[in-house]
Every structure is written in structure tokens, then in C-alpha cells.
Amino acid sequence: MNTFAIVTQVLRIAVPYLFAAAGGVIAERSGVISLTLEGYMLGGAFAAVVGTFYSGSPVVGALCGIGGGAVLALIHAVASIRYRADQVIVGIAVNLFAIGITRVFLKLMFGSSSNSPRVDGFATGYGDPLLWLGLLSTPIVAFILFRTVFGLRVRATGEKPEAAASVGVPVHRIQYMAVLLSGALAALGGVYLALDQHQFTDQMTAGRGFIAVAAVIFGRWSPLRAGAACLLFAAAETVQIHLQGNHVIASQFIEMIPYVLTIVALAGVVGRAIAPAALGRGET
Amino acid sequence: MTAARREKIEEALFPPVVAILIAFVAGDIIMLSFNQSPFVVWRLLLEGTWGNAYGFGQVLYKATTLSFTGMAVAFAYRAGLFNIGGEGQLAAGGLAAALVGFALPVGFPALLAILLGCLGAAAAGGVVGAVPGYLRVRFGAHEVITTIMLNFIVLALLNWFIATRLRVPETLHTPEIHAGAIARLSAVLPAFHGSAANLSVIAVLLTAIAMWYYMFRTRGGYELRAVGLQPDAAEYGGISVGRVLFSAMTVSGVIAGLGGINFVLGYKYYYEDGFAGGTGFLGIAVALVGRNNPFGILLAALFFATLSQGGLAVNAFVPKQMVDVLQGIVIIAIAASVPEVQRILLGSRRRPVTTSALDSQPAATEPPAAAV
């Protein structure tokens with residue numbers, strides 16, 4: 001297998017992480033904890049397959065996927081921002097809800113409890129527009145956060161909501177926008193997965209959302225560093241695929257890499273992990 | 001009954017009742033979307049759970065593990081900590097119980113073997129809980145993230161262990177234990193015949209009583225709750241906050257790990273990869289609905305177990321996954337209504353802050369937000 005093919009493989013594995021981590025960075029920078037990425041991805045994947053199935057167009061499907069992620073994000077946002085619910089608990093619940101609701105609709109619409117029928121997708125490999133959008137999502141989010149007024153407000157909201165409010169920043173509206181954007185972005189990660197495999201399967205995100213959360217923390221809430229973490233995790237996964245059967249390292253130990261690195265990062269071994277100051281407070 | 005006491009009860013009951021009503025309406029909508037009469041389906045659900053001894057036995061069985069993971073979450077939460085690692089702690093406890101039962105020779109005194117198995121489960125869960133506790137105290141690493149990450153690490157480790165070391169070929173479970181199975185409930189009450197309910201329910205009740213006594217009647221429990229409410233004030237009052245946080249997380253892991261005995265010693269008699277199956281996460285919901293009170297948790301566990309078993313009973317009419325949706329809705333609604341209800345109650349009556357606040361919830365509006 002040549003280098004080019006390996007790079008392609010790393011990028012394809014990285015795309016769902018990149019989308020979700022980009023979304024996670026935005027939401028967390030606004031002060032809202034995003035343990036919900038897994039649920040957004042799953043909802044996006046399912047809505048994309050439904051949209052593609054009924055319209056025959058993956059573009060429509062992708063838009064539906066964004067909508068699906070945004071609906072779940074709206075639930076998270078209303079509970080967390082309007083009702084000041086505990087964001088960790090709501091996050092876990094949104095994930096549970098996403099697993100349940102996709103299963104119920106899978107049964108209702110396609111009569112199966114495991115997978116949807118086959119649908120069209122985008123071209124594979126470098127012809128897939130979502131591949132490029134995924135790779136660009138990291139710089140785009142970095143641009144939004146650090147070069148736009150909206151990004152400045154997001155960061156102010158996440159660091160010191162009282163100060164932001166006192167200079168006229170609509171704190172809650174900014175948080176709503178950030179969370180909805182995170183839902184849409186993470187959902188695209190799920191859309192990519194589903195359209196790449198041409199179907200939805202039950203729980204197909206398989207923990208990728210949590211790896212994205214890990215990437216956000218390992219990247220210390222910087223979009224570029226989080227993106228780099230995603231590439232690192234994807235590279236580890238590629239190595240694992242190529243070592244499979246060699247029994248050099250058991251696959252279970254490769255799976256652990258993102259999680260171990262995150263704990264190492266949190267323990268301050270690679271520099272202090274400093275979260276946005278108002279993260280999780282859910283108040284102004 | 002004093003006004004303050006009535007108010008406390010209102011505050012504890014109102015959010016769960018509202019949440020369950022919302023879930024009830026959501027359930028109706030799902031049933032109607034499958035062209036089923038909600039009346040028929042709800043009745044079936046009740047008949048399949050509390051309506052016969054087998055169904056009720058299954059509810060009891062499921063409620064047992066859920067009570068353990070719920071109490072684990074609540075114990076940590078009283079100290080202001082979020083333990084999301086119940087899944088990994090439960091699985092580790094289960095494997096340890098199986099290893100003990102497997103290592104003991106045939107003919108080993110059963111009661112002693114059960115005790116050793118419980119100890120093994122508790123110890124394994126405690127070790128998995130102690131790690132995030134240590135990381136929090138020593139490095140300030142936030143336990144929400146470390147426990148989630150540890151779930152994946154522990155489950156992968158156990159999976160590796162089962163896949164490469166100790167298993168029956170062609171399966172993902174260990175051989176059956178030789179000694180120390182916990183008797184089925186049907187051995188005492190034949191009506192429960194066929195259900196998985198077993199005498200682990202006694203362990204649950206004992207744990208709940210011990211937890212209540214510790215939290216509300218001992219100095220250690222007072223310190224635990226003081227740290228959960230106001231760590232700075234507790235530190236100033238001479239309580240070693242770091243020690244309390246570490247031990248709270250460890251004990252939380254012990255309780256979750258103990259939950260492993262229900263499946264391993266009481267039901268299947270072996271450890272099977274994936275047996276935790278989300279029970280650790282659902283413990284968060286159980287603790288929330290049970291308002292972090294051990295006896296409230298037993299009731300909440302019965303509620304969620306009823307939903308879960310009821311889903312199987314109505315599966316022919318609406319997909320059993322409906323209950324996952326309902327569970328999610330209950331959790332969101334209750335998490336959202338708790339601060340809201342407190343705001344309304346406190347806002348309208350302006351209750352003065354007294355030391356009796358130590359009997360209620362930790363200050364949930366100010367979670368340790370540092371490094372999520």
C-alpha cells in the first residue's frame with residue numbers, strides 16, 4: 001500500500017472527528033459543555049439517510065442531516081441555556097435520546113431494527129465534497145472564532161458572561177447560535193459516515209463523538225490543535241487497521257490511545273488544560 | 001408536618017412527576033405514530049411488569065443493578081463530583097466477581113465464596129473509581145472527562161482480557177464460576193420461577209441503608225455533604241477536601257462495582273463482555289430522579305426498570321427502543337425542571353439559607369466547571 005493511499009485513509013477516518021471536534025470547540029468556547037457530539041452525529045447520520053432515501057439526492061440528505069443535528073442541539077440548548085439544566089446530565093440524556101429516537105424511526109420508516117436500505121452517496125475518495133468540507137471545518141472554525149465579531153462574542157461569553165453582557169453582548173443568543181452551529185457541524189460528521197457507507201446502521205457512530213470530545217480537550221479548546229489531535233487519533237486508527245492480524249499490538253490498546261492521551265493532557269503533563277472559564281455554568 | 005418540611009417534599013416530588021407526565025405524553029405520540037392505542041399499550045406494559053410474578057421478577061432484577069449504579073452516582077454527587085464512570089466500574093466489578101468465583105475450588109463454602117466475590121467486585125470498582133479521584137485531587141483533572149475516558153479504557157482492557165486470556169472458545173464470556181452463586185428469588189418464592197431476580201436485592205437494600213446512615217448520621221457523611229455544598233467553607237472548617245473527594249470517588253466506584261454481582265453471581269454465573277450495556281449511564285438518570293437519596297434511588301430504579309422490562313412486553317406493538325426515548329426525555333425534563341422549580345420556589349418564598357440546606361442537594365448551579 002502506497003503513501004498516497006495511506007494519507008487518503010487517514011483523512012477519511014479523520015473527517016467525522018474533524019467535523020465533530022470543530023463543533024465541540026465552538027460550543028465549549030461559548031461556555032456550553034458538549035458531551036452531546038455523539039448524539040448529534042448519530043442524528044445527522046440518520047436524517048441524512050432518510051433525506052437521501054426520499055429525495056434520491058445526497059445534497060438534500062446532507063441538508064436533512066444538518067437539520068437533524070440542529071434539532072438535537074436545540075434540545076440541548078433550551079435545557080441548558082433557557083432552563084439552566086445541568087449540562088453534563090442533559091448531554092448524557094441527549095445522547096440516549098438520539099440512540100432511542102433513531103432506532104424508533106428506523107423501525108417506523110424502514111421496518112428494520114438494525115439498518116436502513118442502501119442509499120446513494122457522494123463520489124468516494126477525493127471526489128467527496130464532504131471530505132473537503134471536513135478538512136476545511138477546522139480552519140473555518142478557527143477563522144470564525146478568532147477573526148469575526150461573532151467569534152469574539154462567543155469567546156467572551158465563554159470566559160466572562162457577566163462582562164460580555166455588560167457591554168451589550170446578547171449572551172444567551174450567542175450561546176444558542178454556538179450550540180446550534182456545533183450541532184450542525186457534528187451532524188455533518190455523521191452525514192459523512194452514513195453516506196460513505198451508503199446506509200444507516202444502529203449506533204453507527206460507535207463512540208466517535210466521545211473521541212471528538214477527547215480531541216477538543218487534548219487540543220486545549222483551540223480549533224487547530226483539536227484538528228491536529230483528530231488527525232493523530234485517525235493515524236493511530238489507520239496503524240491499527242494495518243497491524244490487524246499481526247498481533248504486534250492488540251487493537252484494544254490502539255483504541256485506548258485518544259482516551260489515554262486526553263487523561264494525560266488533563267493531568268497537565270503536556271501543559272495545563274485550561275477550559276473556558278464559564279464552561280458549564282449555564283448562567284449570566 | 002411543618003411548612004418547611006412540606007416545601008422540601010414538594011421540591012423533591014415536583015420535578016420527577018412533571019418529567020414522568022411529559023414522558024407519558026411523548027410515549028402516547030410514539031404509540032399513535034405506530035397506529036397503536038396508547039391505552040392498550042400502556043396496559044400491556046403494566047401487565048407485563050407488575051402484573052405477574054415473572055415480569056415483576058425481571059423488573060426487580062433490572063432495578064438491582066440500576067440501584068447500585070444510581071447510588072454510586074449519588075454518593076459522588078453528594079460530594080459535588082460527577083461519576084460518569086459507572087459503566088466501566090460495573091464491568092470491572094463483574095469481571096472480578098467472576099474471577100473470584102472461577103478461581104475458588106469446587107466445594108468451597110458457598111456463603112464465604114459469595115462474600116469473597118462481592119469483595120472482589122467492590123475492590124475492582126473501587127480501583128477504577130480511585131483513579132479519577134486521584135487525578136482530580138492530585139492534578140485537578142476534571143472527573144467528568146476522566147471518568148468518561150476511563151470507561152472506554154477499562155472496557156477495552158476487559159475486552160482484551162476476555163478475548164485473549166480467559167474465555168470459552170467462540171464466545172466472549174468466561175467459564176462458569178465454580179462456587180458461590182447467589183440464590184434466585186424463585187428458590188424462596190416459587191412464583192418468581194424463570195425470572196432473573198435473585199437475592200442480590202438484599203445486598204441492594206443493605207447498601208442503601210448503609211449509605212443513608214453514613215450520609216446523614218455520621219461525621220464522614222456530614223463532611224461529604226459539606227464539601228459538596230461549599231468546598232471552600234468546608235476547607236476553612238477544617239475538612240480535608242482532597243481526602244473527601246478522593247474517598248468519595250473511590251466509594252462511588254465500590255458501589256458501582258458491587259452492582260456486578262447481580263449479573264455474574266446471581267444470573268448468568270459468568271462474566272460476559274458488554275453485560276453493563278448502558279446501566280452505568282442510566283445510573284445517572286436514576287440518581288437524578290431519586291434526588292440523590294438512597295431510598296429515592298430504589299424507587300427511581302424500579303421506575304426505569306419497569307420502563308425497560310415494559311418495553312420488551314410491548315415490543316410486538318411498538319419498538320422496545322421507545323423506552324430509550326422516554327428515558328432520555330425524563331432525564332432532560334427533570335434536569336431542566338430542577339433549577340427552574342428551585343428558582344420558582346426560592347423566588348416566591350425567599351427561603352432563608354439555613355444549615356438545613358445540608359439535607360438537600362449540592363449546589364448544582366455551580367458545578368466544578370474548571371476543566372470539562
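So you know, we letter chains A, B, ... as the sequences are listed, proteins then strands, and number each from 1.
Rounded to the nearest 0.5 angstrom, A:I217 CD1 and B:M149 CE are separated by 5.5 Å. Note that the OG atom of A:S251 and the CG atom of B:N159 stand 7.5 Å from one another [nearest 0.5 Å]. Distance check, rounded to the nearest 0.5 Å: CG of A:L106 to CD of B:Q321 gives 8.5 Å.
Of the two parts of B:L326, neither the backbone nor the side chain holds a non-hydrogen atom closer than 4.5 Å to a non-hydrogen atom of chain A. With a 4.5 angstrom heavy-atom cutoff, B:A333 does not touch chain A via any of its atoms.
Across every non-hydrogen atom of B:W160 and A:Q252, the tightest pair is CA-NE2, 3.4 Å. A:A85 and B:A335 make their closest contact through CB-O, 3.3 Å (heavy atoms, listed as atom of the first residue, atom of the second, distance).
Of residues 273-289 of chain B, those residues lying under 4.5 Å from chain A by any heavy-atom pair are B:F281, B:L282, B:I284, B:L288. Residues of residues 93-105 of chain A placed with any heavy atom under 4.5 Å of a heavy atom in chain B are listed by number as A:A93, A:V94, A:L96, A:F97, A:G100, A:I101, A:R103, A:V104.
Tested against B:I145, the residues A:V216, A:T262, A:V88 include a single side-chain contact (heavy atoms from CB on, under 4.5 Å) partner, A:T262.
Contact count versus chain B (heavy atoms, under 4.5 Å) is highest, among A:L108, A:V90, A:I211, A:I263, for A:L108. The candidate from B:T164, B:L157, B:I153, B:I331 with the greatest count of non-hydrogen atom pairs under 4.5 Å with chain A is B:I153.
Between A:L266 and B:T146, some side-chain heavy-atom pair lies under the 4.5 Å cut-off.
Classified by interplanar angle (parallel below 30°, tilted 30° to 60°, perpendicular above 60°), the ring pair A:Y259/B:F152 is parallel.
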Worked check of side-chain contact (heavy atoms from CB on, under 4.5 Å) between B:I148 and A:V213: CA-CA 10 Å; B:I148 290 179; A:V213 175; over 6 Å; no
Candidate pair A:I89 and B:F82, rule side-chain contact (heavy atoms from CB on, under 4.5 Å), full reasoning: CA-CA 9 Å; A:I89 292 173; B:F82 260 121; 3.8 Å; yes
